[in-house]
Protein chains: 2
Amino acid sequence: MIDDTDRHILHILQENARASNASIARQIGMAPSAVLERIRKLEKRGVIQGYEVKLNAKKLGLALTAFIRVGSEERVGSTQTGRNLAQLPEVQEVHHVAGPDCYLVKVHVPDNESLGQLLQRFGAIEGVSYTHTVLVLTPIKESAPLPLPEPHPAS
Amino acid sequence: MIDDTDRHILHILQENARASNASIARQIGMAPSAVLERIRKLEKRGVIQGYEVKLNAKKLGLALTAFIRVGSEERVGSTQTGRNLAQLPEVQEVHHVAGPDCYLVKVHVPDNESLGQLLQRFGAIEGVSYTHTVLVLTPIKESAPLPLPEPHPAS
DNA sequence: GTTGAAAGCGTGAAATA
DNA sequence: TATTTCACGCTTTCAAC
């Protein structure tokens, strides 16, 4: 499925997604074109889903992060309400979850007032029955790399 | 703080963090060296905090995502317990939050059994008084770009 | 901000194992 | 199949403006 070479490449890309193929090639002792081909295959297979820049939300005027539990009165098994929530640009994540709530939603907004306006828009979405908002006071860890098994050194 | 040109660059990088300086330069009608310099300044100012690859957790054997609310009996104002939680590699996010719980934690693990073992390690961290785990059934939206104000066209 | 030039990189084709 | 080598064009980067 994924071999040690792939893991090694992914490990490097998790540290810096803008690393050049040539520098990756140097680090793993391969030709750049081989690295290119492996990355392309990982993209095609959907293991790599894209490349993102990590921005400082606060410095961009988005000082407030919140998690919102959303209740919904939709047909069992439907996720239509969640997909409607996901359309809003302030919404960074929507997860359909087990338990009494239906959705857990992560949002970034400039301030309390914007959060209030956003919750009103949540309320206008069909099926939404309640929201419970939890404010983030301090983000302690964010967007950590996934714990890939370490590549085994070839013996 | 951030002008329209910066916003334009960030907008492009949010879509594809591996976009070359030259292609960004073409899209915004500037010299590549000017783009390079702006990106460097955004990095130095901490607006850009890094470049990440978005991986498919399921295809890497991490089939289970969960959010865990963690209660802690530490001194008011301390976040030591949160920083200890953040050390674990399975933990992708730790937020110190308002409300009855102290922390909200996001984790990726291979399966139920690994989740159980992880929760045991949570319990071994000093101060942790309880955990409430919510399993993700379907991730509907993840790692969406931040809603930057659209750049105003120069008039 | 721009340009220009040198060094480095991306990428496909062909060769190799 | 997966990889290296090679060659071309493009990109990065810095210095000078």
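This structure is a prediction, so every number in the text was calculated from the model and none was measured. In the text below, chain A, chain B and the rest are named by the order of the sequence lines, each starting its count at 1.
- The side-chain contact (heavy atoms from CB on, under 4.5 Å) search around B:Lys59 returns A:Met1, A:Val47, B:Asn56, not counting sequence neighbours.
- Residues satisfying the side-chain contact (heavy atoms from CB on, under 4.5 Å) criterion with A:Ala98, sequence neighbours excluded, are B:Leu135, B:Leu137.
- Under the 4.5 angstrom side-chain criterion for Ile, Leu, Val, Met, Phe, Trp and Tyr, the cluster partners of B:Val97 are A:Phe67, A:Val97, A:Leu104, A:Val134, A:Val136, B:Phe67, B:Leu104, B:Val134, B:Val136.
- Identified under the salt bridge (charged side-chain N to carboxylate O under 4.0 Å, His left out) test for residues 30-39 of chain A, with sequence neighbours left out: A:Asp3-A:Arg38, A:Asp6-A:Arg38, A:Glu37-A:Lys41.
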Can you check side chain to side chain donor-acceptor pair (under 3.5 Å) on A:Gln80 and A:Ser78, steps first, answer last?
-> CA-CA 6 Å; A:Gln80 186 57 54; A:Ser78 167; 5.7 Å; no
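- In the helix from C:dG1-D:dC17 to C:dA17-D:dT1, the end axes, each obtained as the rotation axis mapping the C1' atoms of four pairs onto the next four within a five-pair block, lie 30° apart to the nearest 10 degrees.
- The salt bridge (charged side-chain N to carboxylate O under 4.0 Å, His left out) contacts involving residues 20-36 of chain A comprise nothing, where partners must be two or more places apart or lie in separate chains.
- Sorted by first then second residue, the salt bridge (charged side-chain N to carboxylate O under 4.0 Å, His left out) pairs that include residues 130-149 of chain A, not counting sequence neighbours, are A:Lys106-A:Glu142.
- With a cutoff of under 4.0 Å to any heavy atom of chain A, the contacted region of DNA chain C is bounded 5' to 3' by C:dC9 to C:dG12.
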Letter per nucleotide, 5' to 3', of nucleotides 1-17 of chain D [B base touched, S only sugar-phosphate touched, - untouched; heavy atoms, 4.0 Å] | -SBBB-----SSBB---
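- In this structure A:Ser20 satisfies the side-chain contact (heavy atoms from CB on, under 4.5 Å) test together with A:Ala22, A:Ser23, sequence neighbours excluded.
- Partners of B:Asn21 under the side-chain contact (heavy atoms from CB on, under 4.5 Å) rule, at least two apart in sequence or in another chain, are A:Arg18, B:Val35, B:Leu36, B:Ile39.
- Pairs passing the salt bridge (charged side-chain N to carboxylate O under 4.0 Å, His left out) check and including a residue from residues 110-121 of chain B, sequence neighbours excluded, read B:Glu90-B:Arg121.
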